[in-house]
J.: 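This is the structure, below, for whatever I ask next.
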Amino acid sequence: MLNNFDEYLSYLELLGASEYNHISGPMINHLTGTYNILSSWGAPLLTCKAGLFHAIYGPQGLPSPLISLEKRSDIKNFIGHDVEELVYFYCACDKGFVLPQFKTTSEIIFKDRFTGEEKKFDKNLMTSFCELTVANEIDVARGKDVEVYSDEILAMLKSMRIYINKNAQRELDSIFKKLPM
């Protein structure tokens with residue numbers, strides 16, 4: 001666990017994460033759930049910390065952010081430059097544009113949904129981004145009354161499997177084994 005986990009939670013609560021409704025309940029539950037999944041996989045500390053903050057700039061498809069992009073420097077000062085860069089990268093990802101590419105190509109183009117900028121996906125961020133994405137989707141599915149994954153989500157999870165660590169791969173394998181064929 002992070003040394004200053006309680007301090008991070010207090011900050012997220014200050015931002016309104018306890019009142020912000022996510023798909024399956026309060027955002028704070030989703031953020032801590034994603035962090036816990038990443039931590040259980042032994043993901044690097046940077047990735048785990050990013051998991052705790054991964055939706056602060058507004059999840060794609062939900063109405064508003066916990067904090068505006070104009071406050072990025074405040075977030076960098078609080079959680080660290082590298083962690084904030086990963087959080088921004090995750091939040092800024094135009095998932096409808098980027099995620100389907102994992103199934104069809106090895107040369108993935110990243111599109112920033114805030115700026116519209118397109119660039120070659122940073123390979124140094126590939127594992128962290130994929131682990132964060134997979135942990136996010138698992139936490140969302142587990143937050144429902146019944147753990148359910150759409151065919152589209154399952155295909156995306158399978159396409160990211162090669163980029164994630166062995167513990168995360170084992171968890172995905174156990175999910176796939178439970179599914180009706």
Side-chain angles (χ1 to χ4, degrees), residues 1-6 8-9 12 17 22-56 59-61 79-80 82-110 121-181:
M1 175 155 310
L2 295 170
N3 291 337
N4 40 2
F5 187 78
D6 290 337
Y8 290 144
L9 285 182
L12 288 166
H22 189 260
I23 296 166
S24 56
M27 176 66 81
I28 194 86
N29 294 351
H30 173 61
L31 297 173
T32 57
T34 302
Y35 165 84
N36 288 332
I37 291 168
L38 291 164
S39 182
S40 75
W41 292 342
L45 184 58
L46 180 142
T47 307
C48 293
K49 281 174 75 173
L52 193 55
F53 288 87
H54 77 277
I56 61 169
Q60 195 166 359
I79 64 175
D82 292 343
V83 176
E84 191 282 336
E85 288 292 319
L86 179 55
V87 168
Y88 177 83
F89 190 79
Y90 181 82
C91 285
C93 179
D94 182 332
K95 292 176 179 59
F97 179 86
V98 174
L99 296 181
Q101 295 178 65
F102 279 90
K103 294 180 269 186
T104 60
T105 183
S106 60
E107 188 68 28
I108 297 170
I109 303 300
F110 177 83
F121 199 100
D122 185 341
K123 298 238 187 245
N124 294 322
L125 293 174
M126 190 70 74
T127 295
S128 292
F129 177 83
C130 289
E131 288 178 355
L132 192 49
T133 301
V134 171
N136 173 72
E137 294 301 336
I138 289 172
D139 185 72
V140 166
R142 288 182 178 160
K144 298 175 183 171
D145 291 334
V146 176
E147 186 175 345
V148 177
Y149 301 86
S150 70
D151 290 342
E152 181 181 350
I153 294 295
L154 287 171
M156 185 261 307
L157 294 175
K158 286 178 184 174
S159 69
M160 289 187 167
R161 188 182 183 284
I162 62 170
Y163 299 104
I164 60 179
N165 75 42
K166 296 292 183 203
N167 293 326
Q169 288 178 356
R170 277 192 285 279
E171 184 153 0
L172 272 187
D173 292 345
S174 73
I175 289 168
F176 296 145
K177 284 179 188 173
K178 290 186 232 173
L179 297 173
M181 293 295 173

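Residue numbers count from 1 along this sequence.
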J.: Does the side chain of W41 come within less than 4.5 Å of K166's, by heavy atoms?
T.: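 The answer is no, as the side chains (C-beta and beyond) never meet within the 4.5 Å cut-off.
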J.: Is it true that K95 and E137 have a side-chain N and a carboxylate O under 4.0 angstrom from each other?
T.: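 Salt bridge flag = no for E137 with K95.
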J.: Please examine the side chains of N165 and T127, heavy atoms only from C-beta on, and report whether any two atoms are closer than 4.5 Å.
T.: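 Not touching, per the 4.5 Å side-chain cut-off.
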J.: With sequence neighbours left out, what residues match T34 under side-chain hydrogen bond (donor to acceptor under 3.5 Å, both in side chains)?
T.: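 Once residues adjacent in sequence are excluded, T34 has no partner under the side-chain hydrogen bond (donor to acceptor under 3.5 Å, both in side chains) criterion.
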J.: Taking the side chain as C-beta and beyond, is there a heavy-atom pair between L125 and Y90 under 4.5 Å?
T.: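 SC-SC contact between L125 and Y90 ruled out.
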J.: Could you tell me whether the side chain of F53 reaches within less than 4.5 Å of the side chain of Y8, counting heavy atoms only?
T.: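 Answer yes - side chains close enough.
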J.: So F110 and F89, ring pair (Phe, Tyr, Trp, His ring centres under 6.0 Å) or not? Walk me through it.
T.: CA-CA 9 Å; F110 177 83; F89 190 79; 4.2 Å; yes
J.: Do R161 and D173 have side-chain heavy atoms sitting under 4.5 Å apart?
T.: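 R161 reaches D173 side chain to side chain.
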J.: Are T133 and M156 packed together at the side-chain level, in the sense that at least one heavy-atom pair is separated by less than 4.5 angstrom?
T.: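 When only atoms from C-beta onward are counted, M156 and T133 do touch, with a gap below 4.5 Å.
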J.: Would you say V98 and I109 make side-chain contact, with heavy atoms under 4.5 Å?
T.: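 V98 does not reach I109 side chain to side chain.
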J.: With a 4.5 Å limit on heavy-atom distance, are the side chains of D122 and M126 in contact?
T.: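 They are not in side-chain contact.
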J.: Under the salt bridge (charged side-chain N to carboxylate O under 4.0 Å, His left out) criterion, do E171 and R142 qualify, and how do the steps go?
T.: CA-CA 13 Å; E171 184 153 0; R142 288 182 178 160; 2.4 Å; yes
